[in-house]
Amino acid sequence: MKFRTLSYILFVSLFAILSCNSTKTVVDRNSAKSSVSIKVDSVLKLMTLEEKIGQMNQYNGFWDVTGPSPKEGQAAGKYANLKKGLVGAMLNVKGVKEIRAIQKIAVEETRLHIPLLFGFDVIHGYKTISPIPLAEAASWDLEAIRNSAAMAAEEASAVGLNWTFAPMVDISRDARWGRVMEGAGEDPYLGSKIAYARIKGFQGDDLSSVKSIAACAKHFAGYAFAEAGRDYNSVDVSEATLQNIILPPFKACVDADVKTFMNSFNDLNGTPATGNAYLQRKILKGDWGFNGFVVSDWGSINEMIAHGYAKDSKEAATIAANAGSDMDMESYSYLENLATLVKEGKVKESLVDEAVRRILTVKFELGLFDNPYKYCDEVREKETVGKAAFQEGVLDVAKKSIVLLKNGGNLLPLAKSGLRIGLIGALAADKTSPLGSWRIGADDNTAVSVWEGLQKYKGNQVNYAKGADLTVGQTKFVSELHLNTTDRSGFQEAIDLAKSSDVVIMVLGEHGLQTGEGRSRTDLGLPGLQQELLEEVFKVNKKIVLVLNNGRPLALPWAADTIPAIVEAWQLGTQSGNAIAQVLYGDYNPSGKLPMTFPRNVGQVPIYYNYKNTGRPTMNEPESVFWSHYSDSSNKPLYPFGFGLSYSKFEYSNLKLSAGTLTKAGTLDVTVTVKNSGQVKGKEVVQLYIRDLVGSTTRPVKELKGFEMIELAPKEEKTVHFTIDEKMLQFYTANGKWEAESGDFKVFVGGNSADTLESNFKLQ
Ligand code: NOJ
């Protein structure tokens, strides 16, 4: 109570009175929603136009910039505006002490005492870091993913935050784009399931719980389709691709009751997303009935000037506000222009009211009006950050995220004693890189390295040689840069170590900050000298386990052909080294499956499993020139979507459909037998794909429509069931509607998208 000033108590009492008066209105008093809207309206009535516009303004804090840095002297102006009630939300303010101090200005020094939202990019954890989201998607374990988001929310809420800019639900097909690490990969079905799980994890069952924070579905929309995979680049996609591929995970977020959306930097088919009324007003707020608010991306309102879509900041504000962008992140454009625009009649005040209503609603739902300092408890902060249960939780999801790509001669799992292990690669000892990109709340050097993880197994002797420094290219936030390493002086030590080892573990890949925002690449190989190092070591010892650390699919055809064992270990967060060690030693039997196709070479990109057949598909005339192919590369990926091995061996048989025909109101049962013919217990993700053979628009060769994770003991077999109904066959047709079209369909079931059993049916 001590933090509540008299004026704040008066303010809360005013709500109580206003709410009591509502008995006279035609309102369902049992409905939480309607009572919130009464309170929101009561606040809105008290607000001047300037104060309303203030709610639509979000400032970055004065440190930890996640976009272009603010200019000198802006801090003073920001403090002044805070006091005037001209700020609705902040971002990048860290820790209870700082957040409380700023909240205090809003709550105790402004005329209306409206609390602030505090947003932060809690993308895969705040200080305790989970695997990068792409890695988590490889777990296909929705409960583990939900739990990871819930832990992140609990930790973030304990440091005072009440809003995360996550999940990123952009479907990505282009590994050159640095932000593929932040999403769930290439598939709209898997992406939708994961989006839903993440929203539920962040927001919990009750948004007003102190452990819940508001989530943000981003980037609306099309951002991952940036031409040539270059971040912020233009996006040109058909309506069919927008509807069938890009939008479904966003819709899943609305279904999960996400409280906020973020629009995106890109232009979409000629209109910047930030100024796109079709996306924000028609689809999101109209068709889908989204009742939260939309925040712009960092400075994206003013970026419409550079896009060549607005001539100045005033025009940009007009376009953004009319198009449904409710809050301006760091453009200052609403604050500078909206009042004039309302007075000139270029933006209706009713639209401002609508935006403010949406923003205040989220503040009420979070419980900030009841207690604006509810997340500001130093004791809870101390007890919560980094707690043991989080360490266990992130280790659990890290193990589940690892994908075994190759295991020639059953090199893995390693024996627990009697081995001389040579551990090679700069990443093997790195304690920062495993945290990945977007972990701005975490401290450097806080991840368990692979070297440390392996040392917990005392039976073997592990010796380490770096081999070469990592080339990280031009990047920010890395304390030590090796822009273009040409120093091979460590090679000999690595080669000598390999010669005297029974088995070599090479940890190679990308530094954690080589992916993420602004980190697109044109080469998908191992950066720097790593490929050369790998080949040199292979000359002296063929028993190599290649552990990959990377934030995007890599193109490693030589390694895939030559190296006996390959483990895709992404950037796994705080517990990285422990998770990797447990998989290498078989204490966890790998169960992950790729959420993105791995190409053979960068020229194949964008490459994805749910491609269209074309008029000249590959199987027709392989010996002829005139078919859809490359003259210098196979069309096939290095590793397909859904692929991942196990120390168990799974055999699929007996694919059966309950009937040959599906009626529009009926269902079809699909059954398949899966047997573990290996020696150890293991988990398998059984995947169901469907192909619609003829459509009013061309259809993909395969679409994921269901999956189930099963666990089988050695020699055990299970019958797995899926149900097909008409809804699963719907797509955005040539009529501009979601509907299923009757005709022939194929059904595929298997352990990855390329290796499946097949059957078929008709939709009547
Ligand atoms: C820009 C990024 O695109 C967005 O995802 C992020 O949330 C904001 N910056 C804030 O850091």
Side-chain angles (χ1 to χ4, degrees), residues 171 173 186-192 225 236-249 251 269 287 597 604 606-622 624 626-629 635-637 640-642 652 655-672 686-707 722-750 752-764:
I171 294 300
R173 293 172 159 180
E186 73 188 37
D187 183 63
Y189 178 84
L190 179 64
S192 299
F225 280 67
D236 223 310
V237 292
S238 68
E239 188 64 19
T241 299
L242 178 70
Q243 297 283 348
N244 290 318
I245 307 293
I246 295 173
L247 294 184
K251 173 67 166 56
N269 303 335
D287 299 348
T597 303
Q604 288 182 319
I607 182 168
Y608 44 95
Y609 84 95
N610 49 354
Y611 57 88
K612 307 279 189 71
N613 206 35
T614 81
R616 295 188 176 196
T618 52
M619 71 280 265
N620 277 356
E621 287 182 74
S624 143
F626 304 109
W627 56 290
S628 181
H629 76 303
N635 281 8
K636 291 216 170 90
F641 173 82
Y652 286 72
L655 176 65
K656 281 189 197 141
L657 267 61
S658 56
T661 305
L662 173 68
T663 58
K664 291 228 163 167
T667 58
L668 270 187
D669 283 343
V670 181
T671 50
V672 70
V686 182
Q687 301 158 39
L688 168 79
Y689 297 87
I690 294 183
R691 176 171 180 184
D692 183 351
L693 284 169
V694 180
S696 61
T697 67
T698 53
R699 308 290 296 126
V701 294
K702 224 169 242 183
E703 291 176 288
L704 183 72
K705 292 289 177 181
F707 61 89
F722 295 102
T723 306
I724 300 180
D725 61 18
E726 189 254 2
K727 194 149 196 283
M728 278 165 83
L729 309 178
Q730 289 180 357
F731 69 105
Y732 190 79
T733 66
N735 291 332
K737 282 189 203 149
W738 277 82
E739 53 195 356
E741 293 176 340
S742 46
D744 291 321
F745 291 81
K746 278 192 179 173
V747 177
F748 312 85
V749 179
N752 67 69
S753 62
D755 185 12
T756 51
L757 301 176
E758 220 177 290
S759 186
N760 50 62
F761 69 92
K762 262 187 199 315
L763 175 68
Q764 251 176 12

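Only a predicted model underlies this, so the values are computations on that prediction, with no experimental measurement involved.
To the nearest 0.5 Å, the span separating CG on Asn244 from CD on Gln730 amounts to 11.0 Å. Taken from CZ in Phe748 to NZ in Lys705, the straight-line distance is 12.5 Å, to the nearest 0.5 Å. The OG1 atom of Thr597 sits 10.0 Å away from atom OH of Tyr608, with the distance rounded to the nearest 0.5 Å. We find the CG-OG1 distance between Leu668 and Thr723 to be 9.0 Å, quoted to the nearest 0.5 Å. Interatomic distance, CG of Leu657 versus OG1 of Thr671, reported as 8.0 Å (0.5 Å rounding). If you take CZ on Arg173 and CD1 on Ile246, they are separated by 8.0 Å, rounding to the nearest 0.5 Å.
With sequence neighbours excluded, the residues forming a side-chain contact (heavy atoms from CB on, under 4.5 Å) with Val701 are Tyr611, Asn613, Arg691, listed by chain and number. Partners of Lys251 under the salt bridge (Lys or Arg N to Asp or Glu O under 4.0 Å) rule, at least two apart in sequence or in another chain, are Asp255.
Within 6.0 Å of the NZ atom in Lys656, the count of heavy atoms belonging to other residues, nucleotides or ligands does not exceed 12.
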(request) Determine, stepwise, if the pair Asn269 / Leu242 fulfils side chain to side chain contact (heavy atoms under 4.5 Å, CB included). (result) CA-CA 10 Å; Asn269 303 335; Leu242 178 70; 5.6 Å; no

(request) I would like to know whether Tyr732 and Leu247 meet side chain to side chain contact (heavy atoms under 4.5 Å, CB included); could you show each step before the answer? (result) CA-CA 11 Å; Tyr732 190 79; Leu247 294 184; over 6 Å; no

(request) Output, in order, the C-alpha distance, side-chain angles, deciding distance and verdict of side chain to side chain contact (heavy atoms under 4.5 Å, CB included) for Tyr652 and Val686. (result) CA-CA 9 Å; Tyr652 286 72; Val686 182; 3.8 Å; yes

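The two atoms that bring Glu741 and Phe731 nearest to each other are OE1-CZ, 3.3 Å, heavy atoms only. Between Asn610 and Glu186 the shortest heavy-atom distance is ND2-O, 4.5 Å. Minimum heavy-atom separation, Pro248 to Gln243: CD-O, 3.3 Å. Pairing each heavy atom of Ala740 with each of Leu763, the nearest pair is CB-CD2, 3.8 Å. Nearest heavy-atom pair, Gly191 versus Ile171, reported as atom, atom and distance to 0.1 Å: CA-CD1, 4.5 Å. In plain terms, the two heavy atoms of Lys636 and Gln604 that are nearest each other are O-NE2, 3.0 Å.
Legend: side-chain hydrogen bond (donor to acceptor under 3.5 Å, both in side chains) pairs involving residues 755-764, not counting sequence neighbours, sorted by first then second residue: Asp744-Lys762, Lys746-Glu758.
The side-chain heavy atoms of Met728 and Leu688, taken from C-beta on, include a pair separated by under 4.5 Å. The shortest distance between side-chain heavy atoms of Phe745 and Ile724 does not fall below 4.5 Å.
Of the candidates Phe707, Phe722, Tyr609, Tyr189, Tyr609 is the only one forming a ring pair (Phe, Tyr, Trp, His ring centres under 6.0 Å) with Tyr689.
Judged purely by atom type and a 3.5 angstrom limit, Ser696 uses its side chain to pair as donor or acceptor with the backbone of Ala734.
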